[in-house]
Amino acid sequence: MNFVIAFPGEAQPIIEFYELQKVSSQPFAYYQKDNHKLVISAMGREQTSQAVNFLKTKNVSPNQAWMNLGIAGHGSLEIGQTFIAGKIEDDLSENCFYPPQIYDHDFPVTCLKTCSQPSSSYEPALGYDMEAHAFYAAVVGASTRELTQVIKVVSDNPSSPLSQFSPKDVPGLIEPNLKGIALFVEQMEKISLEMQQEPEVSNTYEKVLGMHHFSSTRSHQLHDLVRQANALELSLGEIESIAQSAKDGAQVISDIKHWMEPNRQLR
Amino acid sequence: MIEVIYMEDGIRDHPRSQQILARFPRATVLPCKHYKEVFNPAGQSFRLQKKKPALILAQQTGKLIHPIPPSYGVGGTRNFYFSHLLNCLYDCRYCFLQGMYPSAHYLMFVNFEDFEEEILRATKTPEEPSWFFSGYDCDSLALESVTGFADHFLPFFKKLDNAWIELRTKSVATRVLRDTEPLDRAVVAFSFTPQEISTQLEHGVPSVDARIRAMLQLAEQGWKIGLRIDPLIDCTGFKDRYAKLFENIFTTLSEHTIHSVSLGAFRMPHGFFKKMEKHYPEEPLFASDLESKGGIIAYRENTEKRLKHTCFELLEKWVSPDKIFTCEA
């Protein structure tokens, strides 16, 4: 999971919950432990985009889980209520994002508007923040939209407006929601794993690739064949043996095809 | 079942939108200007959305009915399809929808009346009857409880004397048909693969036996039944499995209740296939003995011929050959 969080007060409960360690302070405060990574972006669109791009450099495989988490104003939800952004608007753009909702949870799903300035006016059923839209725009392309989600905890609303809000209250708003957030994170991570290529396929492919010279076209063919053999539950070890006996890349492809041919029927 | 509903601003007050919202009082409703904002963006995962598809309520504009090549028909020469719904309740691994659409959300067009107008225009002039196929981009019946499609369109087609409608389905939710007097010019077409294949590839689809029972009920009521043996899937024990399937069907249903049988081997536009393969790299079907020819991925010519010929011969034992139609890519 890649957390992108604007303020230290919002990040602290997550850092403690996942026991993250500080890795670096520049250009952004960056924390990590195992597969959990967190960057503190500071407020606003530009900083958020840059923080996402910074975190992208720490990820090598595609389809990782990404989450923008923090506080937000809301026109109708109670203070301390966690919500999921089902639609993300922007006060400077017509473009909206609709993060697909595929997870099980008890949080309300509502619209969220990213604003250029802190907002003290509230419309019903609408949340207000300053980062989500930029976060989503920056992540798109690095992961699927289902794995890119925005979770906010309500910090202000019409009966308790922004003017009465103190930044000191932030950790106290996030902490009671950690259990639910963690369950959500767990589901996203599970889905992310499901989207990763099976390691047996990459391992066999890399091994065979190292045995002979393969042109670009043949290396694609080889990858397809290894993946297909895996799908057909054929022995990938046999592919390595075939490759070892072959005299060049062309023969590897031809021999693997020949070996697979009788097994290409559905059972 | 439906947790999130995206709704175009323009159809918020449409009576059909309101009826659907009333059916899902607990669903989150999110507004959008145009369905394409939700449905079309790149970077969505069809596979992941299949876990929990949302419903998009929208209005279809532009051309609402589309011609179909004669080789895909079942006897008619003027063939059209129309889609009140894009995407399907079921999750069949061979289905082209996975390769065609960027999203697995159910996209329903609520402006049924506009479809009707265009169907009326298409049926006005010619003397020969027109055929309308409703199950190309969705299952015609599986989401009936949400869409009310058949409930609305059957009375409409009943009034047309030169139009046929085919409802194509794998659903056993046939109550709307059981509650309706059979139409002279309607075919309820059920798609089948042998149960062993269905178990592997047709996720969420009722069993073959359940579908045969549903067909029998409708046939006894007087509905004309179509059999869609499409796609044919090459598999071990192909002949035995398809023979068993046909035996199960034809020892239950009388031949005279069968309007038509169509056969078509698995085939897919190349671009769709590549997307499907990317979604499901572990799927054995996509590792079958396929070849790319003229932009279409299909079984090798000899294999395709064998599958079709075998099934044709098996079917001839049960049904008159003039009722059997072969779909060509």
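Note on naming: letters A, B, ... go to the chains in the order of the sequence lines (proteins, then strands), and numbering restarts at 1 for each one. All values below come from the heavy atoms of this structure, side chains included, with hydrogens, waters and symmetry mates left out.
In terms of non-hydrogen atom pairs under 4.5 Å with chain B, the most contact-rich of A:Q228, A:E198, A:R227 is A:R227. Annotation: maximal heavy-atom pairing with chain A below 4.5 Å, among B:K50, B:H105, B:E283, B:E277, occurs at B:E277. Note: B:S288 leads B:S288, B:P53, B:S103 in heavy-atom pairs under 4.5 Å with chain A. For chain B, the option among A:P100, A:S143, A:G141 with the highest count of heavy-atom pairs below 4.5 Å is A:P100. Counting heavy-atom pairs under 4.5 Å between each of B:E3, B:Q200, B:K33 and chain A puts B:Q200 at the top. Counting heavy-atom pairs under 4.5 Å between each of A:E146, A:Q101, A:Q197, A:E233 and chain B puts A:E146 at the top.
Looking only at distances, no side-chain donor or acceptor of B:E196 sits under 3.5 Å from a matching main-chain atom of A:R267.
With a threshold of 4.5 angstrom between heavy atoms, A:T110 approaches chain B through N, CA, C or O but not through any side-chain atom. For chain B, the nearby parts of A:D104 are the backbone and the side chain; heavy atoms of each come within less than 4.5 Å. If you measure heavy-atom distances from A:V109 to chain B, the contacts under 4.5 Å come from both the backbone and the side chain. Only the side chain of B:I233 comes within contact range of chain A, with at least one heavy atom under 4.5 Å from a heavy atom of that chain. Both the backbone and the side chain of B:V38 come within contact range of chain A, with heavy atoms under 4.5 Å apart. Heavy-atom distances place the side chain of A:M195, and not its backbone, under 4.5 Å from chain B. Looking at A:P99, only its backbone comes within 4.5 Å of chain B, counting heavy atoms on both sides. Proximity to chain A (any heavy atom under 4.5 Å) is shown, for B:L290, by neither the backbone nor the side chain.
Between A:Y128 and A:Y122, the ring-plane angle classifies as perpendicular under the 30° and 60° cut-offs. Using the six-membered ring where Trp is involved, B:F109 and B:Y35 have ring planes that are perpendicular, over 60° apart on the 30 and 60° scheme.
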Exercise. Before giving the answer on salt bridge (Lys or Arg N to Asp or Glu O under 4.0 Å), spell out for B:K51 and A:E194 the whole-Å C-alpha distance, their side-chain angles and the decisive distance to 0.1 Å.
Key: CA-CA 13 Å; B:K51 292 174 186 289; A:E194 192 184 302; 3.1 Å; yes
Practice problem: Please test B:R47 against B:D91 for salt bridge (Lys or Arg N to Asp or Glu O under 4.0 Å), starting from the C-alpha separation and ending with a verdict. | Solution: CA-CA 9 Å; B:R47 176 179 180 148; B:D91 190 15; over 6 Å; no
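Taking the six-membered ring where the residue is Trp, the centroids of B:F273 and B:F286 are separated by under 6.0 Å. Under the 6.0 Å cut-off for aromatic ring centres, A:H133 and A:F97 qualify, their centroids lying closer than that.
Under the 3.5 Å distance criterion, with hydrogens and angles disregarded, no donor-acceptor pair is assigned to the side chains of B:T193 and B:R241.
Using a cutoff of 4.0 Å between basic side-chain nitrogens and carboxylate oxygens, B:K170 and B:D139 are not scored as salt-bridged.
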